[in-house]
Structures are given as structure tokens and as C-alpha cells.
Amino acid sequence: MQSLKNKELDCIRFYMGDPNVQDKFRGGLKAYNTINALLHKGIQNELDLISENRVIEIYDQNHLKQYLDLIISIYQSMIHYVKEYENKHFITYKIDRYSTILQMKESNRIEGFFSTCKYGYLEEYAHIKKDVVLLEIIRDQNIPYLDFECLFKDKYAKKDEAEILIPFNTKISLIEEIELSDDEKNKYLDMNGRVPIGKYRIHLINEDINTQRIEESEILKDVELVQSCISNLLKYNELNQEDLGFYTKWKDNLRNYLLFKIFK
């Protein structure tokens, strides 16, 4: 894609877990776990990741700054992509946690970057999560996105995943519960061998984004307190009320900062 710069493409590849760009960034191949934990409200996403033995890590201000720049770059790439390429695959699929549906019903938004598949449900993703649900995603044609298979062509290493990435903060207009087939009940067992809790159809719509100006310095200055909160979550699976209030407010400010930078 000619309109995307090499730096933007490298950011996307790093988010995908491409080891060939690893030396240009700090963080492991599963850095997208940390990125999406930061984008979700509250601490439920962190608790889900911890229960599945996933890694959440922020080292220092420079590392956090890298994540902020990476998130902005990926979202801006999505905006460019949807303007220049024919928008296909309006219906995509994802296996996720039941807690994700609860969050969606509460906020009416996709809170983190949302990885979906063009061609159907990926069975292996059921087996590494707990309390799974099957999601059928229907997108408005103007919603920004990235089609990794189309974008990277022969260099796309995960062709079986056929990933469509949807941006954080995307508006949900309707959530419908639909019936699981017997085959789906037997095939998509979670990490504890349990059948899916349910199946849902999620309708996404584009909207004008209202932004609130937050300075980058306000986000970066508290990185040590954020590290402490994450360490306590990893150790105790909970936060005291003071830390919970700080961490929740800090993540709200982080989202506002990112949206302001993207849409100012």
C-alpha cells in the first residue's frame, strides 16, 4: 500500500507479532496484550489476561511513549486504508470471552483493537480462553479497519487467520443474541473444556468522534504508579480502592489523549 509509510507498516507488523521488526521496538511478541489492556476501561481485561497466563508489561516512560505512538499510527493507518481500498468483508467473526460481551453491553463500544477473521471462527482461539462466546461482527462501510491479508499479500505469515483489525472506541449500535448450533457447541470448547456460553451478532456504526485535549506529559508522568498497579494485579488479582480509582482515571485520560491526537 503506497500511501502507508514504512514506519506505519512496521508498527502494524509489530502489533501482529512479526519477529522481523522486533529489533525496532521494545516489548515481546505479544505486546498487543499490553496495548489492549491499556485501551480497555477498568481492570477486567487485565484480570482475564492474567488468568490465561498472558504478559502485561510497561517498563518506563520511553516504552509507554512507544506504545502511544504505535496506537496512533495504527489507527491513522486504518483511516487511510478505508479511504483507498474497496471495503469488503462487512461480516467477520471472532471467538472472545463472555466478559467482552458484558463490557460491550455496558459501554456500547469496542474498547480495544478488535481482531476478527474474514472467513469464520478460529477453533484454536477458543481453547486458550475461558468462558468463550462466538461473535459475528457486522461493520458499517465507513468504519476504519485493516485487512492484513490484502495489505501484506504474500508476506502475510498468518493466512489462516485472515485478520480484519477494527479500531478501539468503535460504536456498537446493536447486540443480538443468536442460537448456537450443535456443531458450534461441540467444536469451540474453552480452555477448561466448557461449551460456549453464547453467540452474538454485533452491529458496528461509524460516528463523529468528540475529543478532549489531554497532554502527553499527563499520561507519561505517572508511569511508575501504573507499573505498580499492574504489578499488584499480577500479584493479588485486585487493587485497593485508591489504586483502582487512579488506574481507571489514568486509562480514561489515555484514551482521550489518543483520540485527540488522532482526530484533532
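Counting from 1, the numbers follow the sequence of the chain as shown.
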K.L.:
I'd like to know if the side chain of Lys94 and the backbone of Ser115 have a donor-acceptor N/O pair within less than 3.5 Å.
P.N.:
yes
K.L.:
Taking the side chain from Thr34 and the backbone from Glu57, do they hold a donor-acceptor pair closer than 3.5 Å?
P.N.:
yes
K.L.:
Is there a path of hydrophobic side-chain contacts, each under 4.5 Å between heavy atoms, that joins Ile205 and Phe90?
P.N.:
no
K.L.:
Would the distance check show the side chain of Ser51 and the main-chain N or O of Asp48 forming a donor-acceptor pair, the cut-off being under 3.5 Å?
P.N.:
yes
K.L.:
CD of Gln66 to NE2 of His63: how many Å apart, nearest 0.5 Å?
P.N.:
5.0 Å
K.L.:
Give a yes or no on whether Glu123 atom CD has more than 12 heavy-atom contacts from other residues, nucleotides or ligands under 6.0 Å away.
P.N.:
yes
K.L.:
Taking Ser228 for its side chain and Glu224 for its backbone only, find out whether a donor-acceptor pair lies under 3.5 Å.
P.N.:
no
K.L.:
Report whether Ile72 and Ile58 are members of the same hydrophobic cluster (ILVMFWY, side-chain heavy atoms less than 4.5 Å apart, transitive linking).
P.N.:
yes
K.L.:
Would you say Leu134 ends up clustered with Ile91 if hydrophobic residues are merged whenever their side chains have heavy atoms under 4.5 Å apart, either directly or through other cluster members?
P.N.:
yes
K.L.:
Roughly how far, to the nearest 0.5 Å, is the CH2 atom of Trp250 from the CG atom of Asp222?
P.N.:
8.5 Å
K.L.:
Please report whether the ring centroid of Tyr75 lies less than 6.0 Å from that of Phe263.
P.N.:
yes
K.L.:
Give a yes-or-no answer on whether the side chains of Tyr125 and Glu161 include a donor-acceptor pair shorter than 3.5 Å.
P.N.:
yes
K.L.:
Which heavy atom of Asp23 sits nearest a heavy atom of Asn20, and at what distance?
P.N.:
OD1-O, 4.1 Å
K.L.:
Could you tell me whether the side chain of Glu176 and the main chain of Arg201 form a donor-acceptor pair under 3.5 Å?
P.N.:
no
K.L.:
Give a yes or no answer on whether the side chain of Tyr156 reaches the backbone of Glu163 with a donor-acceptor pair at less than 3.5 Å.
P.N.:
yes
K.L.:
According to a hydrophobic-cluster definition based on side-chain heavy atoms being under 4.5 Å apart (Ile, Leu, Val, Met, Phe, Trp, Tyr only), do Ile95 and Leu165 belong together?
P.N.:
no
K.L.:
Out of the candidates Glu179, Glu136, Glu177, Glu184, only one should pair with Lys199 under the salt bridge (charged side-chain N to carboxylate O under 4.0 Å, His left out) rule; please name it.
P.N.:
Glu184
K.L.:
Phe14 vs Lys24, test: side-chain contact (heavy atoms from CB on, under 4.5 Å). Steps then yes/no.
P.N.:
CA-CA 9 Å; Phe14 177 72; Lys24 298 183 180 181; over 6 Å; no
K.L.:
Ser107 and side chain to side chain donor-acceptor pair (under 3.5 Å): which single residue from Lys105, Gln103, Arg109 fits?
P.N.:
Gln103
K.L.:
Less than 3.5 Å apart, any donor N or O on the side chain of Tyr15 or Asp10 sitting next to an acceptor on the other?
P.N.:
no
K.L.:
Distance only, no hydrogens: is a donor on one side chain within 3.5 Å (strictly under) of an acceptor on the other, for Asp60 and Asn62?
P.N.:
no
K.L.:
Roughly how far apart are Leu122 CG and His127 NE2, rounded to 0.5 Å?
P.N.:
11.0 Å
K.L.:
Is it the case that the ring center of Phe113 lies less than 6.0 angstrom away from the ring center of Tyr32?
P.N.:
no
K.L.:
Return the CD to CG distance between Gln227 and Asn232, rounded to the nearest 0.5 Å.
P.N.:
12.0 Å
K.L.:
Restricting to non-hydrogen atoms, name the atom on Thr116 and the atom on Ile137 that form the minimum distance, rounded to 0.1 Å.
P.N.:
CG2-CG1, 3.9 Å
K.L.:
Are Phe114 and Phe168 an aromatic pair by the rule of ring centers under 6.0 Å?
P.N.:
no
K.L.:
Hey, are Lys251 and Glu46 close enough for a salt bridge, meaning a charged N less than 4.0 Å from a carboxylate O?
P.N.:
yes
K.L.:
Once you measure the plane-to-plane angle for Tyr121 and Tyr93, does it fall in the parallel (<30°), tilted (30-60°) or perpendicular (>60°) bin?
P.N.:
perpendicular
K.L.:
Identify, with sequence neighbours excluded, every residue that meets salt bridge (Lys or Arg N to Asp or Glu O under 4.0 Å) alongside Asp243.
P.N.:
none
K.L.:
So, taking the atom named CG in Leu64 and the one named CG in Leu220, what distance separates them when rounded to the nearest 0.5 Å?
P.N.:
5.5 Å
K.L.:
Following the transitive rule for hydrophobic clusters with a side-chain heavy-atom cut-off under 4.5 Å over Ile, Leu, Val, Met, Phe, Trp and Tyr, establish whether Phe148 and Tyr119 coincide in one cluster.
P.N.:
no
K.L.:
May I ask you to say whether Lys118 pairs ionically with Asp147, meaning some side-chain N is under 4.0 Å from a carboxylate O?
P.N.:
yes
K.L.:
Quick one: does Asn45's side chain have a donor or acceptor within less than 3.5 Å of a partner on Lys41's backbone?
P.N.:
no
K.L.:
Only one of Ile262, Leu146, Ile12 forms a side chain to side chain contact (heavy atoms under 4.5 Å, CB included) with Met78, so which one is it?
P.N.:
Leu146
K.L.:
When rounded to the nearest 0.5 angstrom, what is the spacing between CD in Glu216 and CG in Leu258?
P.N.:
9.5 Å
K.L.:
Within the side chain of Asp190, is there an N or O that forms a donor-acceptor pair under 3.5 Å with the backbone of Asn192?
P.N.:
yes
K.L.:
Please answer whether the main-chain N or O of Asp69 pairs with a side-chain N or O of Ser73 as donor and acceptor at a distance below 3.5 Å.
P.N.:
no
